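Written below as structure tokens is the structure these notes are about.
Predicted model, so just to flag it, every value in this text is computed and none were measured. Note that the numbering runs from 1 along the sequence shown for the chain.
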Amino acid sequence: MIRIHKKTEPIEWTRKNNTSGLTNYEAIPELRDALLDEQGYLCAYCMRRIPHKDEFELHDSKIEHIKSRTNFPTLQREYDNMVICCSGNINGSHHCDKSKDSQNITFSPFDNVALQTITYSSKDGEIKSSQQNMNKDLNTVLGLNNKMLKANRLQTLIGVRTILEKKKWKKAQLEIKLLEWNTQENQKFKPYCGIVIWYLEKKLKQY
């Protein structure tokens, strides 16, 4: 998981919210596109790739309200309360928005201080936090240690570590690789980039 840098909400969403008599949340394609763009086409929580589908194929992603519409109805149209998530289902196992539902989480994917408490296991791909409440959110509320998600994160890390060990990267090369994983390419981040960024930053601290 990496920090999401919120941008200005799309003008189309502002116009819709200014519509007279509007009371409830109702997504529009421009809202979804804006969230995809600022997240580099990755799920806000598990960092799976979200394909860019047209408005008739919205089942592949879900606009998630960090503070749920059920518990915080006054925030249901607030752009700063929204992220986009994957379908939340792998082999019948729920995670991300589908697992969270209307539950609350104790952190925000916009809060870099909170996200700095996250680490990973280089042995099995587990994601965890040094903060007890946040760790519970990652495991129980968001289900981010789903067996397949852990395997996918680990496989991504193994790919990078194999190259690193083979080429025996020096500090400058590690810095270049870190920048690459921190940067969008063709508007997209690499899937599961969080675990690689964590690993490269840890390696750089050894110099």
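- For the salt bridge (Lys or Arg N to Asp or Glu O under 4.0 Å) test with Asp37, the passing option among Lys7, Lys188, Arg32 is Lys7; the others fail.
- When all heavy atoms of Ala27 and Ile63 are compared, the closest pair comes out as CB-CD1, 3.9 Å.
- Closest heavy-atom contact between Pro109 and Val83: CG-CG1, 4.1 Å.
- Here the side chains of Glu30 and Trp13 are not in contact, with every heavy-atom distance at 4.5 Å or above.
- A donor-acceptor pair is defined here as one N or O able to donate and one able to accept, closer than 3.5 Å; no such pair exists between the side chain of Glu78 and the backbone of Thr74.
- Ion pair Asp80/Lys6 not flagged as a salt bridge, since none of the NZ, NE, NH1 or NH2 atoms sits closer than 4.0 Å to an Asp/Glu carboxylate oxygen.
- Summarising the geometry, atom SG belonging to Cys46 is positioned 11.0 Å from atom CG belonging to Asp97; distances are rounded to the nearest 0.5 Å.
- Two residues are said to be in side-chain contact when any heavy atoms from C-beta on lie closer than 4.5 Å; Asn133 and Phe107 fail this criterion.
- The pair Lys177-Glu180 counts as a salt bridge, with a side-chain nitrogen and a carboxylate oxygen less than 4.0 angstrom apart.
- Nearest heavy-atom pair, Cys193 versus Leu42, reported as atom, atom and distance to 0.1 Å: SG-CD1, 3.9 Å.
- Ser93 places no side-chain N or O within 3.5 Å of a backbone atom of Ile90 that could act as its donor or acceptor partner.
- Rounding to the nearest 0.5 Å places SG of Cys43 at 9.0 Å from OH of Tyr192.
- Using a 4.5 Å heavy-atom threshold, the side chains of Tyr45 and Lys100 count as touching.
- Using a 4.5 Å cut-off on side-chain heavy atoms (C-beta onward), Glu12 and Leu31 make no contact.
- Note that OH of Tyr25 and CG of Leu75 are 13.5 Å apart. Values are rounded to the nearest 0.5 Å.
- Counting only heavy atoms from C-beta outward, the side chains of Cys96 and Leu144 approach each other to under 4.5 Å.
- Ile163 has its side chain within reach of Trp169: a pair of non-hydrogen atoms, C-beta onward, lies under 4.5 Å apart.
- Shortest non-hydrogen contact noted between Met82 and Phe110 is O-CZ, 3.9 Å.
- Closest of all the heavy-atom pairs between Arg161 and Ser122 is NH1-O, 3.4 Å.
- Looking only at distances, a side-chain donor or acceptor of Asp111 sits under 3.5 Å from a matching main-chain atom of Val113.
- Evaluated for a side-chain contact (heavy atoms from CB on, under 4.5 Å) with Asn104, the options Asn71, Val141, Asp137 yield exactly one hit, Asn71.
- With Ser129 as the partner, the side-chain hydrogen bond (donor to acceptor under 3.5 Å, both in side chains) test is satisfied by one option alone out of Asn139, Asn135, Thr117, Thr106: Thr117.
- In the model, Arg69 has no side-chain atom that pairs as donor or acceptor with a side-chain atom of Asn81 under 3.5 Å.
- For the pair Ala114 and Met134, the tightest heavy-atom approach, listed with the atom from each and the gap, is O-CE, 3.4 Å.
- Here Gln116 contributes atom CD and Ser130 contributes atom OG; the two are 10.5 Å apart, rounded to the nearest 0.5 Å.
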